[in-house]
Engineer: 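Got a structure here, written out as structure tokens. Questions coming.
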2 protein chains.
Amino acid sequence: MTSPAVSSRDLPHPVRDEIRLEGVLHALSDPMRLRIVRELATASGELSCSHFDLPVTKSTTTHHFRVLRESGVIRQVYRGTAKMNGLRRDDLDGLFPGLLDALLDAAGRQAVRGG
Amino acid sequence: MTSPAVSSRDLPHPVRDEIRLEGVLHALSDPMRLRIVRELATASGELSCSHFDLPVTKSTTTHHFRVLRESGVIRQVYRGTAKMNGLRRDDLDGLFPGLLDALLDAAGRQAVRGG
DNA sequence: ACCGTACTACGATGCCTATCGTACGAGTCG
DNA sequence: CGACTCGTACGATAGGCATCGTAGTACGGT
């Protein structure tokens with residue numbers, strides 16, 4: 001099978017109008033979460049949590065994904081045992097045109113610079 | 001007299017290459033600090049700390065300005081008894097082109113939306 | 001039914017931070 | 001000098017948060 005059905009377990013997401021700029025910035029001000037978002041941006045599509053190899057425990061990884069979801073940066077959905085993650089590009093671009101691209105570009109430049 | 005001399009008291013600022021994206025985002029993720037930066041952006045020029053009428057005490061205001069300065073978002077200089085504040089536009093635009101404008105635009109849209 | 005994988009929940013810990021109040025220093029003006 | 005304004009320093013406090021470990025749940029495959 002290629003793609004297990006979406007589970008009935010659902011996760012609370014803010015609707016578009018509930019997304020706050022301060023929350024987004026706070027979510028992205030953590031190096032680990034910025035790294036996650038950068039990886040999600042390059043891989044156009046959904047990625048499972050376990051795809052990420054972060055230098056923290058799984059508990060902490062769960063925590064970071066929750067912060068990203070609750071701030072409105074990513075959307076999460078269960079698919080089988082996996083939890084798939086995707087950037088909320090449409091919502092973010094709709095609310096804050098150009099912001100996400102500027103942030104990703106900034107993060108990319110800093111990475112090149114050495115960070 | 002129109003503009004008192006700059007005092008010998010000087011304040012530590014990060015040089016351009018020391019400015020970290022995470023630090024900038026963290027600085028701007030606080031509503032009070034975002035408000036300060038928005039006001040600084042509209043008033044092209046320097047503003048004294050006392051120009052701002054924030055719903056917090058003066059101690060707290062000092063704290064927020066320090067966070068903004070240490071993260072590289074603003075530059076501060078003493079001029080007489082006043083402490084003048086200015087956005088580090090050149091440095092930020094040099095490091096992260098388009099980011100500051102995107103952030104200010106995003107903050108503006110959210111303010112219109114009701115925030 | 002059983003096992004393994006993926007992720008969660010909960011509690012603990014230590015650090016960071018937004019806030020305040022009070023007391024103080026630096027500068028200007030009379 | 002003295003009074004006043006602007007901003008700082010320091011301590012306290014309360015809440016937030018990044019991290020961990022352990023124990024547990026949900027799902028898929030055998």
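Throughout, protein chains are lettered first and strands after them, A, B, ... in sequence-line order, and every chain is numbered starting at 1. Note that the coordinates shown come from a computational prediction; the quantities given were computed from them, not determined experimentally.
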Engineer: Would you indicate which nucleotide in D/dA9, D/dG7, C/dA6 comes nearest to any side-chain atom of B/R66?
Structural biologist: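 Closest nucleotide among those given: D/dA9.
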Engineer: Can you tell me the distance, in whole Å, between the CZ atom of B/F65 and the P atom of D/dC6?
Structural biologist: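 One finds 14 Å between P of D/dC6 and CZ of B/F65, rounded.
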Engineer: Would you classify A/Y78 as touching base, sugar-phosphate or nothing, given that sugar-phosphate means primed atoms plus P, OP1 and OP2, and contacts are heavy atoms under 4.0 Å?
Structural biologist: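 It contacts sugar-phosphate atoms only.
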Engineer: Check the distance between C/dC16's P and B/D30's CG and give it to me in whole angstrom.
Structural biologist: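 Nearest whole value for this atom pair: 18 Å.
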Engineer: D/dG7 C1' sits how many Å from B/L68 CG, rounded?
Structural biologist: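 B/L68 atom CG is separated from D/dG7 atom C1' by 16 Å.
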Engineer: Ignoring backbone atoms, establish whether A/H64 has a side-chain N or O less than 4.0 Å from OP1 or OP2 of D/dT19.
Structural biologist: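 Yes, within the criterion.
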Engineer: Name the nucleic acid region contacted by B/T62, choosing base, sugar-phosphate or nothing; use a 4.0 angstrom heavy-atom cut-off, strictly under.
Structural biologist: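 Base contact.
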Engineer: Return the value, rounded to whole Å, for the distance between atom CZ of B/F52 and atom P of D/dC6.
Structural biologist: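 Going from CZ in B/F52 over to P in D/dC6 covers 14 Å.
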Engineer: What distance separates A/F96 CZ from A/I19 CD1, expressed to the nearest 0.5 Å?
Structural biologist: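 One gets 7.0 Å once the value is rounded to the nearest 0.5 Å.
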Engineer: Looking only at side-chain N and O atoms, does B/R79 come under 4.0 Å of OP1 or OP2 in C/dG27?
Structural biologist: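 Answer is no, no contact under 4.0 Å.
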Engineer: Could you measure the distance from the OG1 atom of A/T42 to the CG atom of A/L104? Nearest 0.5 Å is fine.
Structural biologist: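 Rounded to the nearest 0.5 Å, the OG1-CG separation comes out at 9.5 Å.
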Engineer: I want to verify a distance call: between D/dA18, C/dA18, D/dA9, whose nearest atom is closest to the A/H63 side chain?
Structural biologist: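 Comparing D/dA18, C/dA18, D/dA9 against the side chain of A/H63, the answer is D/dA18.
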Engineer: Send over the distance from A/D10 CG to D/dT25 C1', rounded to a whole Å.
Structural biologist: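 Result: 16 Å.
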Engineer: Indicate whether OP1 or OP2 belonging to C/dC20 is found under 4.0 Å from a side-chain N or O atom of B/T60.
Structural biologist: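 So the side-chain polar atoms of B/T60 do come within 4.0 Å of the phosphate oxygens OP1 or OP2 of C/dC20, strictly under.
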Engineer: Using the side-chain heavy atoms of B/S48, tell me which of these nucleotides is nearest: D/dG7, C/dA6, D/dC20.
Structural biologist: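 Nearest to the side-chain atoms of B/S48, counting from C-beta on, is D/dG7.
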Engineer: Are B/T57 and B/T60 close enough that a side-chain donor and a side-chain acceptor fall under 3.5 Å?
Structural biologist: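 Yes - a donor-acceptor pair under 3.5 Å links their side chains.
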Engineer: Considering only side-chain heavy atoms of A/A82, which listed nucleotide, C/dA6, D/dG7, D/dA18, is closest?
Structural biologist: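 Side chain of A/A82 sits closest to C/dA6.
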Engineer: Please determine, for the side chain of A/R9, which listed nucleotide (C/dT17, D/dC17, D/dC27) has the closest atom?
Structural biologist: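 Nearest listed nucleotide: D/dC27.
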Engineer: For a quick test of reading the model, state the closest non-hydrogen atom pair linking B/H26 to B/R33 and the distance between them.
Structural biologist: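 Residues B/H26 and B/R33, closest heavy atoms: O-NH2, 3.5 Å.
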Engineer: Whole Å only: how far is the CZ atom of A/R35 from the C1' atom of D/dA18?
Structural biologist: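 So the two atoms are 15 Å apart, to the nearest Å.
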Engineer: Counting just side-chain N and O atoms, does B/R33 come under 4.0 Å of either OP1 or OP2 of C/dA18?
Structural biologist: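 Checking C/dA18 against B/R33, a side-chain N or O does come within under 4.0 Å of OP1 or OP2.
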Engineer: Report which part of the nucleic acid B/H51 touches: base, sugar-phosphate, or nothing (heavy-atom distance under 4.0 Å, all strands).
Structural biologist: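 No contact at all - B/H51 keeps every heavy atom at 4.0 Å or more from the nucleic acid.
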Engineer: For a quick test of reading the model: is some side-chain N or O of B/S50 closer than 4.0 Å to OP1 or OP2 of D/dG7?
Structural biologist: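 The answer is yes; a side-chain N or O of B/S50 sits under 4.0 Å from OP1 or OP2.
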Engineer: Mapping B/K58 and A/T57 onto DNA chain D by nearest heavy atom, which one lands closer to the 5' end?
Structural biologist: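 Final value for this comparison: B/K58.
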Engineer: Rounded to whole Å, please give me the gap between CE in B/M32 and P in C/dA18.
Structural biologist: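 Checked: the CE to P distance equals 10 Å.
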Engineer: Would you call A/R75-A/D91 a salt bridge at under 4.0 Å N-O?
Structural biologist: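 Judged by the 4.0 Å cut-off on N to carboxylate O distance, A/R75 and A/D91 do form a salt bridge.
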Engineer: Tell me the interatomic distance from B/Q76, atom CD, to D/dC6, atom C1', rounded to whole angstroms.
Structural biologist: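 Spelled out: CD on B/Q76 to C1' on D/dC6 is 13 Å.
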Engineer: Within the pair A/S59 and D/dC20, is there a side-chain N or O less than 4.0 Å away from OP1 or OP2?
Structural biologist: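 Answer no for this pair, as no side-chain N or O of A/S59 is under 4.0 Å from OP1 or OP2.
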Engineer: With rounding to the nearest 0.5 angstrom, report the CG to CG distance, A/D17 to A/L95.
Structural biologist: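 Nearest 0.5 Å value for the CG-CG distance: 6.5 Å.
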